[in-house]
Amino acid sequence: TCQVHFESSNWKSLSIKRLTDSRLHGSTGLRSGSQANFFPPLEDAMLPSGSFNNRMALITGGGTGLGRAMTATLSQLGAQCIIASRKLDVLQRTAEEISSQTGNKVHAVQCDVRDPQAVSQCVDQIEALTGLPDVIINNAAGNFVCPSERLSPNAWKTITDIVLNGTAFVTLELGKRLIQNQKGASFLAITTIYAESGSGFVVPSASAKAGVEALYKSLAAEWGRYGHRFNIIQPGPIRTKGAFSRLDPTGAFEKAMIDRIPTGRLGTPAEIANLAAYVSSNYASWMSGAVIRFDGGEYVSLAGEFNELRSVTPDQWKLLEAMIRKTKGS
Ligand SMILES: CCCCC/C=C\C=C\C(=O)SCCNC(=O)CCNC(=O)[C@H](O)C(C)(C)COP(=O)(O)OP(=O)(O)OC[C@H]1O[C@@H](n2cnc3c(N)ncnc32)[C@H](O)[C@@H]1OP(=O)(O)O
Ligand SMILES: NC(=O)C1=CN([C@@H]2O[C@H](COP(=O)(O)OP(=O)(O)OC[C@H]3O[C@@H](n4cnc5c(N)ncnc54)[C@H](OP(=O)(O)O)[C@@H]3O)[C@@H](O)[C@H]2O)C=CC1
């Protein structure tokens, strides 16, 4: 039976009380995490094999995490991939591993996207290796949680340089050369759900990712005439060493994230790789200027003022409903 005493008519204090009461938590069966059973991730490539035959794909930050998963999927589907970031040894290891599994060449090119000269030299190298790419995925990023009052100017500059300037340098350098060569391409930027809402404690990342979204939406309008599509994926939390070590260093945040995700689990690298492959493929040739949120429902779950009422039990609802029905007039 329900032991909760209603000391206040404020639903929020009721809800907070419920969330912290471990004896009652889970009695609804709604937040047990078992809802993830309804939404199992599929790991195999979604598009028909050969969908990227004779196509070249550049993936920045392709040596690790989500970029690596996107590279593996595109390579499996027939693309010749180029992965670019700062750590050449990491890139080479990933390139060899993926190539040996898919049989398609993956090239590793060192590039710090913060440096426009390095980006230009990287594109020279790409032109020599494969020719200009048909698919460009701007995935490289830097981030860490930090109260904004602790950020140094260089900390701000480091994140915004990688995320916003880096994406702009890669996009503009390739865009100009593609235009000169009259070659079409698909550009995809990986941002994040808080690019839209903003978020405390990751303010340089939120500001830079919002800038990336403005850049891509603007170019979608301007460069369609050159055969270029620009799209954006906003991922929710997907376990990678790069993200989780810098955003949830103790691991304490993960359970809270899973609890608020309506599909009851984190995303997987293979799931976002399938979406990125679709958006970058000719199956999506009518898609441009799109912002695709891919987060298991986390964004709307965070946004809805009354969503905490998920933790109210059926017995409590009976009491709440009785209280509400008893009210007459205003
Ligand atoms: C669990 C949540 C899941 C949901 C995730 C949602 C969104 C995720 C978005 C992401 O982008 S995740 C991707 C994360 N991956 C990475 O960040 C990989 C690359 N990162 C790095 O290489 C480094 O972390 C860094 C700092 C971004 C760049 O490295 P480097 O260029 O070597 O910079 P420095 O070490 O020289 O630092 C520059 C500047 O920044 C200050 N700083 C560094 N770390 C911190 C910190 N933790 N707190 C405060 N300040 C920091 C550092 O002190 C330097 O400033 P100075 O003034 O001292 O020069
Ligand atoms: N994982 C998640 O939950 C989420 C991730 N994202 C986004 O997904 C993308 C991938 O993140 P994820 O895979 O998790 O994290 P990773 O840390 O694994 O990936 C970031 C990549 O960026 C590269 N990189 C960093 N700085 C530079 C630079 N200056 N020049 C070139 N490359 C650079 C890194 O390589 P190197 O160190 O060799 O330079 C690394 O491969 C990012 O855009 C991130 O913002 C968004 C929301 C959620």
Side-chain angles (χ1 to χ4, degrees), residues 39-85 87-111 122 125-126 129-141 170 174 183-190 229 231-243 265-287 290 292 294-296:
F39 309 104
L42 295 183
E43 301 290 308
D44 47 334
M46 174 182 81
L47 292 178
S49 116
S51 293
F52 284 86
N53 281 356
N54 304 315
R55 303 191 77 200
M56 318 298 166
L58 167 66
I59 303 98
T60 66
T64 64
L66 306 187
R68 180 190 164 113
M70 293 179 219
T71 306
T73 297
L74 292 173
S75 178
Q76 190 186 338
L77 293 170
Q80 205 181 138
C81 295
I82 307 114
I83 52 178
S85 72
K87 300 191 187 94
L88 189 58
D89 55 333
V90 174
L91 293 170
Q92 282 169 337
R93 212 168 35 246
T94 297
E96 275 157 30
E97 283 169 13
I98 294 178
S99 246
S100 69
Q101 281 162 17
T102 64
N104 291 317
K105 184 75 191 159
V106 179
H107 305 273
V109 177
Q110 189 167 32
C111 179
C122 165
Q125 250 183 291
I126 292 170
L129 281 167
T130 64
L132 289 169
D134 310 273
V135 170
I136 297 108
I137 303 185
N138 270 293
N139 163 79
V170 170
L174 280 161
K183 181 172 176 171
S186 159
F187 289 81
L188 171 65
I190 308 300
R229 299 189 292 120
N231 293 294
I232 295 155
I233 296 177
Q234 302 173 324
I238 301 174
R239 171 173 284 291
T240 65
K241 184 178 169 199
R265 65 172 175 86
L266 303 179
T268 70
E271 286 179 295
I272 193 168
N274 262 328
L275 178 60
Y278 166 68
V279 171
S280 305
S281 77
N282 289 337
Y283 290 95
S285 66
W286 205 49
M287 181 185 285
I292 303 165
F294 192 60
D295 70 342

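The model shown is predicted, which means the values in this text are computed figures rather than measured ones. One is the number of the first residue; the rest follow in order along the sequence.
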Problem - Results of side-chain contact (heavy atoms from CB on, under 4.5 Å) for Met46 - residues two or more places apart only - result: Asn274, Tyr278

Practice task
Report the residues that fulfil side-chain contact (heavy atoms from CB on, under 4.5 Å) with Glu97, sequence neighbours left out, ordered by chain and then residue number.
Solution key: Arg68, Arg93

Exercise for the section: Could you point out which residue of Leu132, Ile83, Val170 forms a side-chain contact (heavy atoms from CB on, under 4.5 Å) with Leu58? Expected result: Val170

Handout entry: Min side-chain heavy-atom separation Thr130-Lys105 under 4.5 Å
Key = no

Exercise for the section: Compare all side-chain heavy atoms of Leu66 with those of Thr240 and state whether any distance is below 4.5 angstrom. Expected result: yes

Completion exercise
When every non-hydrogen atom of Gly61 is compared with those of Asn139, the smallest separation belongs to O-ND2, 3.2 Å

Handout entry: Straight-line distance of Ile292 CD1 to Met287 CE, nearest 0.5 Å
Key = 4.0 Å

Exercise for the section: Give, for atom CD1 of Ile137 and atom OG of Ser280, the distance between the pair rounded to the nearest 0.5 Å. Expected result: 4.0 Å

Fill in the blank from the handout: Distance col, row Ile233:CD1 vs Asp295:CG, nearest 0.5 angstrom, shows 12.0 Å

Exercise for the section: Flag the pair Cys111 / Gln125 as yes when at least one side-chain heavy-atom distance between them is below 4.5 Å, and no otherwise. Expected result: no

Handout entry: Ile136 CD1 to Ile82 CD1 distance, which is reported to the nearest 0.5 Å
Key = 9.0 Å

Completion exercise
The complete set of side chain to side chain donor-acceptor pair (under 3.5 Å) pairs with one or both residues in residues 47-66, sequence neighbours excluded, reads none

Completion exercise
Scanning both residues in full, the closest heavy-atom pair of Val106 with Ser75 reads CG2-OG, 4.0 Å

Problem - Atom pair OG1/CD of Thr71 and Gln76 - distance to nearest 0.5 Å - result: 12.5 Å

Practice task
For residues Thr102 and Ala72, report the shortest heavy-atom separation together with the two atoms involved.
Solution key: CG2-O, 4.2 Å

Practice task
For Ala108 and Ala95, work out which heavy atoms get closest and say how close.
Solution key: CB-CB, 4.4 Å

Fill in the blank from the handout: For Val90 and Gly63, the nearest pair of non-hydrogen atoms, with its separation, is CG1-O, 3.9 Å

Exercise for the section: Please examine the side chains of Tyr283 and Pro48, heavy atoms only from C-beta on, and report whether any two atoms are closer than 4.5 Å. Expected result: yes

Practice task
Measure the CD1-CG distance between Ile190 and Leu275 for me, rounded to the nearest 0.5 Å.
Solution key: 8.0 Å

Problem - Residue pair Ala273 / Thr73: nearest heavy atoms and the distance that separates them - result: CB-OG1, 3.3 Å

Practice task
Evaluate the side-chain proximity of Asn104 to Phe52: yes if any heavy-atom separation is below 4.5 Å, no if none is.
Solution key: no

